[in-house]
Amino acid sequence: MSMLELRGALVTKKQKKMDLSIRAGALMKTIQHVLATSSITPLAEIDVPGMAASASELLRVYQEHSQVCDDIRKIEKELGE
């Protein structure tokens, strides 16, 4: 890859990292809300499958975020930054 292509890839990866961070934050707030109300809400009224889906999505987003961070480090190393 040329330096220009690497810089473009770096910008794209950094934007992806930001997008994933925002998504993870939203998922954590959703999970936190359910957990906060779980002590006063009967179990039958808690959307456990929905919370489990949010937790699974959070794990997927976390894993993708970790990979993007690794990619950013590699590109920055290649650019000498």
Side-chain angles (χ1 to χ4, degrees):
M1 265 190 179
S2 71
M3 293 295 264
L4 186 58
E5 290 171 324
L6 284 172
R7 291 208 181 277
L10 183 60
V11 169
T12 301
K13 293 286 184 182
K14 285 185 175 182
Q15 181 62 50
K16 181 72 172 178
K17 178 184 170 189
M18 189 181 318
D19 294 344
L20 290 167
S21 294
I22 291 167
R23 178 73 179 133
L27 288 164
M28 287 186 276
K29 284 183 182 182
T30 298
I31 293 166
Q32 182 182 26
H33 174 71
V34 173
L35 290 174
T37 61
S38 66
S39 63
I40 58 172
T41 304
L43 181 59
E45 294 177 23
I46 297 173
D47 182 14
V48 174
M51 188 170 141
S54 292
S56 293
E57 176 68 6
L58 178 58
L59 177 60
R60 187 199 65 74
V61 169
Y62 168 79
Q63 291 168 335
E64 187 175 354
H65 183 273
S66 295
Q67 181 60 54
V68 168
C69 288
D70 288 345
D71 293 345
I72 289 170
R73 280 189 289 278
K74 289 175 188 173
I75 294 170
E76 286 177 339
K77 184 177 179 183
E78 197 166 337
L79 287 170
E81 294 181 5

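We use all heavy atoms of the structure for the numbers below, so side chains are in, but hydrogens, waters and symmetry mates are not. Since the model is a prediction, treat every value here as computed from it, not as a measurement.
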* Transitive ILVMFWY cluster of M18 at side-chain heavy atoms under 4.5 Å: who else is in it? ->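 When side chains under 4.5 Å apart are linked, the cluster holding M18 also contains I22.
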
* Asked: According to a 4.5 Å side-chain heavy-atom criterion applied to Ile, Leu, Val, Met, Phe, Trp and Tyr, with indirect links allowed, do V34 and M28 form part of one hydrophobic cluster?
  ->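 Shared cluster, yes.
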
* Indicate if L43 and L35 have the same hydrophobic cluster label, given that clusters are the connected sets of ILVMFWY residues with side-chain heavy-atom separations under 4.5 angstrom. =>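 In one cluster with L43: L35, yes.
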
Between atom [atom1] of [X] and atom [atom2] of [Y], what is the distance when rounded to the nearest 0.5 Å?
X	Y	atom1	atom2	answer
L79	I72	CG	CD1	12.0 Å
Q67	L20	CD	CG	11.5 Å
T30	E57	OG1	CD	11.0 Å

For [X], salt bridge (Lys or Arg N to Asp or Glu O under 4.0 Å) partners two or more places apart:
X	result
K16	E64
R73	D70
K14	E76

* For the pair L10 and E81, evaluate side-chain contact (heavy atoms from CB on, under 4.5 Å) and give the outcome as yes or no after the intermediate values. => CA-CA 11 Å; L10 183 60; E81 294 181 5; 3.7 Å; yes

Pair up each side-chain donor or acceptor in residues 48-55 with any protein partner under 3.5 Å, not counting sequence neighbours, and list the distances.
residue, atom, partner, partner atom, Å
S54, OG, G50, O, 3.2

* Salt-bridge contact R7-E78 (side-chain N to carboxylate O under 4.0 Å) ->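 No, no charged N to carboxylate O under 4.0 Å.
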
* **Donor-acceptor contact below 3.5 Å, side chain T41 vs main chain S38** =>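 Here the side-chain-to-backbone pair does not exist.
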
* Asked: Can you list the residues that meet the side-chain hydrogen bond (donor to acceptor under 3.5 Å, both in side chains) rule with D47, with sequence neighbours excluded?
  -> none

* Close side-chain approach of R23 and H65, heavy atoms under 4.5 Å ->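 Counting from C-beta outward, R23 and H65 never come under 4.5 Å.
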
